[in-house]
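Just below is one structure, and these are the notes that go with it.
Below, all heavy atoms of this structure are taken into account, side chains as well, without hydrogens, waters or symmetry copies. Order of the sequence lines fixes the chain letters, A, B, ..., with proteins taken first and strands second; residue numbering starts at 1 for each chain.
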Amino acid sequence: MNLFADIRSLVIDCLDALAAEGQLPAGLDHANVSVEPPRDPAHGDMATNAAMVLAKPAGLKPRDIAEALAGTLAADPRIAQAEVAGPGFLNMRLAAPVWHDVIRAALTDPRYGRSDLGQGQSVNVEYVSANPTGPLHVGHTRGAVFGDALASLLDYAGFEVTREYYINDGGAQVDVLARSVYLRYLEAHGQEVAFEDGTYPGDYLIAVGEALRDEVGDAYVGKGEEVWLDAVRSFATEKMMAMIRDDLAALGVEMDVFYSEKSLYGTGRIEAAIEDLRAKGLIYRGTLAPPKGKLPEDWEPREQTLFKSTDYGDDVDRPIMKSDGGWTYFAPDIAYHHDKVSRGFDALIDVFGADHGGYVKRMKAAVAALSGETVPLDVKLTQLVKLYRNGEPFKMSKRAGTFVTLRDVVEAVGRDVARFHMLTRKNDAPLDFDFDKVTEQSKDNPVFYVQYAHARVHSVLRKADVDVSPAALAQADLSGLAHPAELALAAKLAEWPRLVEIAARTHEPHRIAFYLYDLASELHALWNRGNDDPALRFLQEGDSAATQAKIALIRAVSVVISHGLGILGVTPVEEMR
RNA sequence: GCACCCGUAGCUCAGCUGGAUAGAGCGCCGCCCUCCGAAGGCGGAGGCCAUAGGUUCGAAUCCUAUCGGGUGCGCCA
């Protein structure tokens, strides 16, 4: 059940009826007709812009259309009142039974809030995709939480979702990893080693070096790279990926596919992807113009193998091959996306850190070219996480011992807090993360605030001496739920399906978090009104019918909160501790 | 120099395919527990939606220009 969609259909039906009667021209386009909650509750429960949108094409005055529409709408039992306001808005007040239906739907329909927006279309969501050269840090944590919540949201909205991680195990950085592990390996054999520039000195490789020693003994000691590089690289990469998987698991993130960049090399897949583009006339030898403004010091004109990404909206064409004949990093990226396209996804989403913003256009160009512009690619960038402790900002620094890993975050504040808090900002806005504030149990902390609302409802359920099962509550007589404050809360529940669709369409899971905050806020407000007005208390002594009706309302709220938190990957707790 | 993102209350930020008098939290001022969890709620003060044009019935939202901040910019991934 999606009340806004239902009422919109009703409006459209009424418009059609008016057209049939000749009061409106036939064949008007209804695409821009919307039904939304008015900003000001005094304007009613729902408002439609139909009259204003149709005035021009119909050649009529907006208020005349609105008047006619109001008359037709009023015949429907769901509409308690319809009146024209302002320049031609039509404000509607809905009958109480409509809100009661919303409550029943939330209680009993396991699909309440789910949507068929996706219509089973398959979407690939690629996120995290960190280099397998070290532990995930806070920045990756945000990408992981965002990508995961987005994937869940799309699933909830009716898409077939694949969660995917691209392992950058094909470039020079994994050679550096291998050499660094080799040094730790020598160390494990009691040798004194020096970590020069261009190696990773992190402690986390000590155990990897020891593990390598345990596995191969002294077979590589004193040997040249040609003997051990390949083997150590795969050994090290595997260890790093095992660690990364563990870290993701601690955050509650589980990927469907780990896709190896290395698997693209030596298998003809890069060549095949490039051939695909070449066949479309998009690969050529050429020289790029120098960038305007300050010239790089070593700049000289150079002929390169280029992808004509400018045909698809990029600013300049992009090199795909290095002068030594090797591929640039862009080539395997093309091949990877070629593979995604050929796996038949209807849409692709990449989640990158904001520092990769410069690659968006070329990736979109590549996917557009590879798919013949049939598969949309949306790239979501996640901004920086600014770290605080006790209100004092601090920067990540390995040297100062303030390098904050994903695991540190989860261990310090817990999975639920980390996940929810990362979604309290839009993905492209910077985020403050204060280790002390996010665990504070007060209304200043949105995570707590929402969980508290859920726990409060369950506290009432425990105290109630009526049957509080959703099935029983849905059978209850809800006609006593008539107070505006109660119906307003039900109206908030009615927004849930609509909000899911907006969030899914815009690929913005933070909207779920903000909605839950609002919903929690309205629940707390109603709760407190019981202080002044005993008739609004949820437990009505000696009146089990009224009690059941009120509990139906707040239990429906808790159900929606738990669905919403589920999308965010946060546990809806039934008791605060 | 170019591209992308951002600019909304003192601070941190929401704001739907363009809708009515622009919202929340913090901070400030004043209130509310004989009552289901006060771990909460209610009220008040606080705005030229960076600036200037444009599009239209209507713009914080779309377009153009300018200013300010962030990120990136040919063989690093």
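The partner of rG43(B) is rC29(B), by the rule that a Watson-Crick or G-U pair needs both atom distances under 3.5 Å. Across all strands shown, rU12(B) pairs with rA24(B); the Watson-Crick or G-U wobble distances both stay below 3.5 Å. Nucleotide rU66(B) is matched to rA50(B) when pairs are restricted to Watson-Crick or G-U wobble geometry with both distances under 3.5 angstrom. Base pairing of rA60(B): no nucleotide in any strand meets the Watson-Crick or G-U wobble criterion (both distances under 3.5 Å). Using Watson-Crick or G-U wobble geometry with both donor-acceptor distances under 3.5 Å, rG1(B) finds its partner in rC73(B).
Nucleotides rG54(B) and rG58(B) place their P atoms 12 Å apart, quoted to the nearest Å. To the nearest whole angstrom, the two C1' atoms, one in rC28(B) and one in rA9(B), are 13 Å apart. The separation of rC76(B) from rC62(B), taken at their C1' atoms, amounts to 38 Å, rounded to a whole angstrom. On the P atoms, rG47(B) is 26 Å away from rC6(B), given to the nearest whole Å. Between rG15(B) and rU55(B), the distance separating the two C1' atoms is 22 Å to the nearest Å. Comparing the C1' positions of rG25(B) and rA14(B) gives an interatomic distance of 10 Å, to the nearest angstrom. The C1' atoms of rA45(B) and rG27(B) are separated by 12 Å, rounded to the nearest whole Å. Between rC26(B) and rU64(B), the distance separating the two P atoms is 39 Å to the nearest Å.
When heavy atoms are screened at a 4.0 angstrom cut-off, P301(A) is found touching base atoms of the nucleic acid. In this structure, N91(A) reaches the bases: a heavy-atom distance under 4.0 Å links it to at least one base atom across the strands shown. No contact: A464(A) has no heavy atom under 4.0 Å from any strand. Residue contacts shown for V33(A) are absent, as no nucleic acid heavy atom lies under 4.0 Å away. Backbone-only engagement by P319(A) is indicated by non-hydrogen atom pairs under 4.0 Å involving sugar-phosphate atoms exclusively. Within 4.0 Å of E501(A), counting heavy atoms only, lies no atom of the nucleic acid at all. Looking at heavy-atom distances under 4.0 Å, E303(A) makes no contact with the nucleic acid at all. Within 4.0 Å (heavy atoms only), S34(A) reaches at least one base atom of the nucleic acid. Within the 4.0 angstrom heavy-atom criterion, no nucleotide atom of any strand lies near A503(A). Heavy atoms of H356(A) sit under 4.0 angstrom from at least one base atom.
For the pair L288(A) and F330(A), both in contact range of RNA chain B, the more 5′-proximal nearest nucleotide belongs to L288(A). Along RNA chain B, the nucleotide closest to H510(A) and the one closest to A85(A) are compared, and the more 5′ of them pairs with H510(A).
Judged purely by distance below 3.5 Å, without hydrogens or angles, the side chains of D350(A) and H356(A) never pair a donor atom with an acceptor atom.
A donor-acceptor pair under 3.5 Å links the side-chain atoms of D169(A) to the main chain of K262(A), judged by distance alone.
Taking the six-membered ring for Trp and thresholds of 30 and 60 degrees, H421(A) and F433(A) have ring planes more than 60 degrees apart, a perpendicular arrangement.
Checked against the 6.0 Å centroid threshold, H43(A) and F89(A) do not count as a close aromatic pair. Aromatic pair F146(A)/H510(A): centroids not less than 6.0 angstrom apart. Residues F538(A) and W527(A) bring their aromatic ring centres within 6.0 Å.
Straight-line distance from the CZ atom of R511(A) to the C1' atom of rC13(B): 14 Å, rounded to whole Å. Rounded to an integer number of Å, the gap from L153(A) CG to rC16(B) P is 16 Å. Atoms CG (L90(A)) and C1' (rA20(B)) sit 13 Å apart, rounded to a whole Å. The CG-C1' distance, from N2(A) to rC16(B), rounds to 13 Å in whole Å. Across the protein-nucleic acid pair, L423(A) atom CG and rA14(B) atom P stand 13 Å apart, rounded to whole Å. Taking atom CG of D333(A) as the reference point, atom C1' of rC76(B) lies 12 Å away to the nearest angstrom. rC32(B) atom C1' lies 14 Å from atom CG of D533(A), rounded to whole Å. If you take CG of D532(A) and P of rA38(B), they are 13 Å apart, rounded to a whole angstrom.
OP1 or OP2 of rU17(B) sits under 4.0 Å from a side-chain N or O of R505(A).
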Table please: side-chain donor-acceptor pairs of residues 514-523 of chain A below 3.5 Å, with sequence neighbours left out.
unit_1	atom_1	unit_2	atom_2	d
Y515(A)	OH	K492(A)	O	2.7

Would you give me the side-chain donor-acceptor pairs under 3.5 Å for residues 128-137 of chain A, sequence neighbours excluded?
unit_1	atom_1	unit_2	atom_2	d
S129(A)	OG	E126(A)	OE2	2.7
S129(A)	OG	Y166(A)	N	2.9
H137(A)	ND1	G139(A)	N	2.9

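Using a 4.5 Å heavy-atom threshold, the side chains of M321(A) and T328(A) count as separate.
Each of rC36(B), rG74(B), rC13(B) was ranked by its minimum atom distance to the side chain of R302(A); first place goes to rG74(B). The nucleotide whose nearest atom lies closest to any side-chain atom of N32(A) is, among rC57(B), rU17(B), rG19(B), rU17(B). The listed nucleotides are rA14(B), rC57(B), rC36(B); the one nearest the side chain of S459(A) is rC36(B). For N49(A), whose side chain is taken as the heavy atoms from C-beta onward, the closest listed nucleotide among rU17(B), rC32(B), rG19(B) is rG19(B). The E36(A) side chain lies nearest to rU17(B) when the options are rU71(B), rC36(B), rU17(B).
Distance check: L387(A) CG to D434(A) CG gives 9.5 Å after rounding to the nearest 0.5 Å. Atom NZ of residue K380(A) and atom CG of residue N427(A) lie 5.0 Å apart, to the nearest 0.5 angstrom. Atom NE2 of residue H454(A) and atom CE of residue M576(A) lie 11.0 Å apart, to the nearest 0.5 angstrom. Remark: D333(A) CG to R362(A) CZ distance equals 9.5 Å, nearest 0.5 Å. In this structure, I283(A) CD1 and I274(A) CD1 are separated by 5.0 Å, a value rounded to the nearest 0.5 Å.
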Quick tally for nucleotides 40-49 of chain B: nucleotides whose base has a protein heavy atom under 4.0 Å get B, sugar-phosphate-only ones S, the rest -, giving BSS-------
Heavy-atom contacts, protein to nucleotides 2-12 of chain B, under 4.0 Å, summarised as B (base), S (sugar-phosphate only) or - (none) per nt, yield -SSSS-----S
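Around CD of E541(A), the count of heavy atoms belonging to other residues, nucleotides or ligands within 6.0 Å does not exceed 12.
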Tabulated below should be each protein N or O lying under 3.5 Å from an N or O of nucleotides 59-64 of chain B; please produce it.
none

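Scored by the side chain to side chain donor-acceptor pair (under 3.5 Å) test, Y388(A) finds no partners at all (sequence neighbours excluded).
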